[in-house]
Trainee: 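What follows is a structure written as structure tokens; I'll ask about it next.
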Amino acid sequence: QVQLVESGGGSVQAGGSLRLSCAASGNIYSRYCMGWFRQAPGKEREGVAVIDTDGRTSYADSGKGRFTISKDNAKNTLYLQMNSLKPEDTAMYYCAADSFWCTVDVGTPVARVDYRGQGTQVTVSS
């Protein structure tokens, strides 16, 4: 059973930074497309960034130039470095693993994924 546990969320002022982490049970980072999506109250799930098994990354327009996704296969950990945060980045952020996510536009609404964590809240104040 795959388990994903996010950490690193919190409250920051606009312009600040946060680094989210996602620890996984099992060696899934070398087998699945990994990524982050977010969901704000009343809004759809929005893809943020993905990284494939070869380390290639893709970002939604909302985070390009500000967010960086990375992974450490040896530590079974996924990261999302978020800089220059804006109030519109406020959402619950989820780590996810999926077989096909890296083959679609990461910015499209996320209908389902194979595995996801419980989420970590990010709140950005103006």
Side-chain angles (χ1 to χ4, degrees):
Q1 181 71 20
V2 173
Q3 288 187 323
L4 302 173
V5 180
E6 301 95 335
S7 61
S11 297
V12 296
Q13 290 190 324
S17 298
L18 284 173
R19 188 194 196 201
L20 306 184
S21 298
C22 175
S25 63
N27 182 25
I28 68 169
Y29 291 123
S30 62
R31 295 186 286 124
Y32 285 88
C33 169
M34 302 297 302
W36 296 88
F37 68 88
R38 64 189 184 185
Q39 188 168 24
K43 295 189 176 181
E44 292 182 304
R45 293 177 177 180
E46 175 190 21
V48 175
V50 295
I51 184 167
D52 69 12
T53 55
D54 292 324
R56 290 171 296 209
T57 60
S58 183
Y59 298 89
D61 288 343
S62 59
K64 281 181 181 177
R66 301 187 298 125
F67 295 174
T68 302
I69 189 171
S70 61
K71 63 178 179 175
D72 186 330
N73 288 347
K75 294 182 178 180
N76 284 340
T77 304
L78 180 74
Y79 304 99
L80 183 68
Q81 177 68 43
M82 303 188 294
N83 299 326
S84 302
L85 283 162
K86 305 175 182 179
E88 51 263 45
D89 294 319
T90 296
M92 186 72 80
Y93 283 71
Y94 298 88
C95 166
D98 189 79
S99 300
F100 303 105
W101 198 9
C102 289
T103 65
V104 300
D105 181 353
V106 68
T108 57
V110 178
R112 64 162 300 281
V113 291
D114 292 337
Y115 303 100
R116 68 170 178 88
Q118 82 290 349
T120 185
Q121 178 67 38
V122 171
T123 302
V124 185
S125 58
S126 57

Trainee: Could you give all pairs that pass the ring pair (Phe, Tyr, Trp, His ring centres under 6.0 Å) test and reach residues 103-126, with sequence neighbours left out?
Mentor: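 Passing the test, one end in residues 103-126: Tyr32-Tyr115.
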Trainee: If Ile, Leu, Val, Met, Phe, Trp and Tyr residues are connected whenever their side-chain heavy atoms lie under 4.5 Å apart, and connections chain through other members, are Val2 and Val50 in the same group?
Mentor: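 Shared cluster, no.
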Trainee: Shortest non-hydrogen contact from Ser25 to Ile28?
Mentor: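 Answer, listing the atom of Ser25 first, then Ile28: O-CG2, 4.0 Å.
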Trainee: Below 3.5 Å, can you tabulate the donor-acceptor pairs from side chains in residues 89-99 to any protein atom, sequence neighbours excluded?
Mentor:
{"residue": "Asp89", "atom": "OD1", "partner": "Arg38", "partner atom": "NH1", "Å": "2.9"}
{"residue": "Asp89", "atom": "OD1", "partner": "Arg66", "partner atom": "NH2", "Å": "3.0"}
{"residue": "Asp89", "atom": "OD2", "partner": "Arg66", "partner atom": "NH1", "Å": "2.7"}
{"residue": "Asp89", "atom": "OD2", "partner": "Arg66", "partner atom": "NH2", "Å": "3.4"}
{"residue": "Asp89", "atom": "OD2", "partner": "Lys86", "partner atom": "N", "Å": "2.8"}
{"residue": "Thr90", "atom": "OG1", "partner": "Pro87", "partner atom": "O", "Å": "2.9"}
{"residue": "Thr90", "atom": "OG1", "partner": "Val124", "partner atom": "N", "Å": "2.9"}
{"residue": "Thr90", "atom": "OG1", "partner": "Val124", "partner atom": "O", "Å": "3.4"}
{"residue": "Tyr93", "atom": "OH", "partner": "Arg38", "partner atom": "NH1", "Å": "2.8"}
{"residue": "Tyr93", "atom": "OH", "partner": "Asp89", "partner atom": "O", "Å": "2.7"}
{"residue": "Asp98", "atom": "OD1", "partner": "Asp114", "partner atom": "N", "Å": "3.0"}
{"residue": "Asp98", "atom": "OD2", "partner": "Phe100", "partner atom": "N", "Å": "2.8"}
{"residue": "Asp98", "atom": "OD2", "partner": "Trp101", "partner atom": "N", "Å": "3.0"}
{"residue": "Ser99", "atom": "OG", "partner": "Asp114", "partner atom": "OD2", "Å": "2.9"}

Trainee: Determine whether more than 12 heavy atoms belonging to other residues, nucleotides or ligands lie under 6.0 Å from atom CD of Glu44.
Mentor: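 Check fails, neighbour count at 12 or below.
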Trainee: If you look at every heavy atom in Thr120 and Ser7, which pair is closest and at what distance?
Mentor: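 Of all heavy-atom pairs spanning Thr120 and Ser7, the closest is OG1-C, 4.2 Å.
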Trainee: Please check this pair: side chain of Glu6 against backbone of Gln118, looking for a donor-acceptor N/O pair closer than 3.5 Å.
Mentor: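 At least one qualifying donor-acceptor pair exists.
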Trainee: Name the atoms and distances for all side-chain donor-acceptor pairs under 3.5 Å in residues 11-18, with sequence neighbours left out.
Mentor:
{"residue": "Ser17", "atom": "OG", "partner": "Asn83", "partner atom": "OD1", "Å": "2.9"}

Trainee: Please round to the nearest 0.5 Å and tell me the distance separating atom OH of Tyr29 and atom CD1 of Ile51.
Mentor: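 One gets 10.5 Å once the value is rounded to the nearest 0.5 Å.
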Trainee: Please report the interatomic distance CE(Met34) to OG(Ser70), rounded to the nearest 0.5 Å.
Mentor: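 Going from CE on Met34 over to OG on Ser70, the span is 12.0 Å.
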Trainee: Please round to the nearest 0.5 Å and tell me the distance separating atom CG of Asp72 and atom OG of Ser21.
Mentor: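 Asp72 CG to Ser21 OG: 10.5 Å, rounded to 0.5 Å.
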Trainee: Which residues satisfy the side chain to side chain donor-acceptor pair (under 3.5 Å) test with Ser30, sequence neighbours excluded?
Mentor: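 For Ser30 the side chain to side chain donor-acceptor pair (under 3.5 Å) partners, ignoring immediate neighbours, are Asn27.
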Trainee: Does anything in residues 46-86 pair up under ring pair (Phe, Tyr, Trp, His ring centres under 6.0 Å), and if so which pairs, sequence neighbours excluded?
Mentor: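 Listed by first then second residue: nothing to list.
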Trainee: Holding to side chain to side chain donor-acceptor pair (under 3.5 Å), I want the full list of residues that pass it with Asp105, two or more places apart in sequence or in another chain.
Mentor: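 By the side chain to side chain donor-acceptor pair (under 3.5 Å) rule, Asp105 matches no residue at all.
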Trainee: Considering non-hydrogen atoms only, spot the tightest contact between Ser58 and Val106 and give its length.
Mentor: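 Shortest heavy-atom contact: OG-CG1, 3.8 Å.
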Trainee: Report the residue from Val48, Ile69, Leu20 that forms a side chain to side chain contact (heavy atoms under 4.5 Å, CB included) with Met82.
Mentor: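 Looking at Val48, Ile69, Leu20, the match for Met82 under the side chain to side chain contact (heavy atoms under 4.5 Å, CB included) is Leu20.
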Trainee: Tell me whether Lys71 contacts the main-chain N or O of Asp52 through its side chain, where contact means a donor paired with an acceptor under 3.5 Å.
Mentor: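 Confirmed, Lys71 side chain pairs with Asp52 backbone.
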Trainee: Which atom names give the shortest non-hydrogen contact between Gly35 and Leu78, and what distance separates them?
Mentor: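 The pair with the smallest heavy-atom distance is O-CD2, 3.8 Å.
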